[in-house]
Amino acid sequence: MDNTQQVDWAALEAAAAAAMKNAYAPYSKFPVGAAALTGDGRIVSGCNVENASYGLTLCAECVLVGELQMTGGGLLRAFYCVDGEGTVLMPCGRCRQLLYEFSAPGMQLMTSRGIKTMDQVLPDAFGPEHLEETR
Ligand SMILES: O=c1ccn([C@H]2C[C@H](O)[C@@H](CO)O2)c(=O)[nH]1
Ligand SMILES: [Zn+2]
């Protein structure tokens with residue numbers, strides 16, 4: 001799958017901002033919303049969901065991947081994440097790995113320094129190809 005088709009970044013930004021409104025972040029008070037475009041043109045999104053046992057917090061990207069899988073699966077072509085002020089937010093390291101699993105080749109991410117690719121934000125990633133058995 002290539003990734004040369006135009007991405008509607010404004011639509012992704014709006015979906016991420018809408019998702020952020022659903023955040024449950026009473027501990028950090030740092031709401032996050034993430035949205036991504038799938039290979040078949042769906043937009044999936046997620047918000048962070050915190051827990052009194054802080055380490056159990058789900059990043060917005062975790063919830064997004066859940067929606068991806070629950071609404072037909074597939075791979076992600078473009079990703080946009082915002083904080084409570086609507087500012088572009090980079091996925092944390094754990095979430096880069098999480099997203100890598102479901103990234104179409106050449107997946108694009110909006111960053112504060114412009115559009116980057118998955119390869120740029122997670123070089124030499126560990127993936128399913130490194131496991132002995134394929135799924
Ligand atoms: O990529 C990230 C980084 C942080 N958070 C959330 C987790 C926590 O609820 C809050 C502060 O770290 O931001 C995300 O949702 N995604
Ligand atoms: Zn994260």
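None of these values were measured; they are calculated from a predicted model. Below, each value reflects all heavy atoms present in this structure, side chains not excepted, and no hydrogens, waters or symmetry copies. Both counts, for ligands and for their atoms, begin at 1 and track the order of listing.
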Among all protein heavy atoms, pick out the one at the shortest distance from [atom]; state its residue, atom name and that distance to 0.1 Å.
| atom | value |
| --- | --- |
| atom 4 (C) of ligand 1 | C59 SG, 4.0 Å |
| atom 7 (C) of ligand 1 | T57 CG2, 3.9 Å |
| atom 16 (N) of ligand 1 | E61 OE1, 2.9 Å |
| atom 15 (O) of ligand 1 | A60 N, 2.8 Å |
| atom 6 (C) of ligand 1 | N48 ND2, 3.6 Å |
| atom 8 (C) of ligand 1 | E50 OE2, 3.3 Å |

Taking every non-hydrogen atom, the tightest pair across [X] and [Y]:
| X | Y | answer |
| --- | --- | --- |
| V88 | S112 | CG1-N, 3.8 Å |
| H130 | A125 | CE1-O, 3.2 Å |
| V121 | M90 | CG1-CE, 3.8 Å |
| S103 | M107 | OG-SD, 3.5 Å |

For ligand 1, is there an N or O atom under 3.5 Å from any N or O atom of L58?
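No - when backbone and side-chain N and O of L58 are compared with those of ligand 1, no distance drops under 3.5 Å.
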Among the heavy atoms of A25, does any lie under 4.0 Å from an atom of ligand 1?
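No, that is not the case, since the closest heavy atom of the residue is not under 4.0 Å from the ligand.
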According to a 4.5 Å side-chain heavy-atom criterion applied to Ile, Leu, Val, Met, Phe, Trp and Tyr, with indirect links allowed, do L56 and Y24 form part of one hydrophobic cluster?
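Result: no, two separate clusters.
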With clusters defined by side-chain heavy atoms of hydrophobic residues (ILVMFWY) lying less than 4.5 Å apart, directly or transitively, does L76 cluster with V63?
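No; L76 is not reachable from V63 via cluster members.
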Atom 12 (O) of ligand 1 protein-contacted (non-hydrogen atom, under 4.0 angstrom):
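False for atom 12 (O) of ligand 1.
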Atoms of ligand 1 less than 4.0 Å from F30 heavy atoms?
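It comes down to these atoms of ligand 1: 10 (C), 11 (C), 13 (O).
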So if I count the atoms of ligand 1 from 1 in the order they appear, which ones are less than 4.0 Å from some heavy atom of P91?
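Matching atoms, with element in brackets: 1 (O).
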Show, in sequence, the C-alpha distance, side-chain angles and deciding distance for F30 and L89, and conclude whether the side chain to side chain contact (heavy atoms under 4.5 Å, CB included) test is met.
CA-CA 11 Å; F30 189 80; L89 193 69; 3.8 Å; yes
Consider side chain to side chain contact (heavy atoms under 4.5 Å, CB included). Of C81, C95, C47, which one does V32 pass it with?
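Of the listed residues C81, C95, C47, the side chain to side chain contact (heavy atoms under 4.5 Å, CB included) partner of V32 is C81.
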For the metal site, I want the angle between atom SG of C95 and atom SG of C59 with the Zn ion (ligand 2) at the apex, to 10°.
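If I round to 10°, I get 110°.
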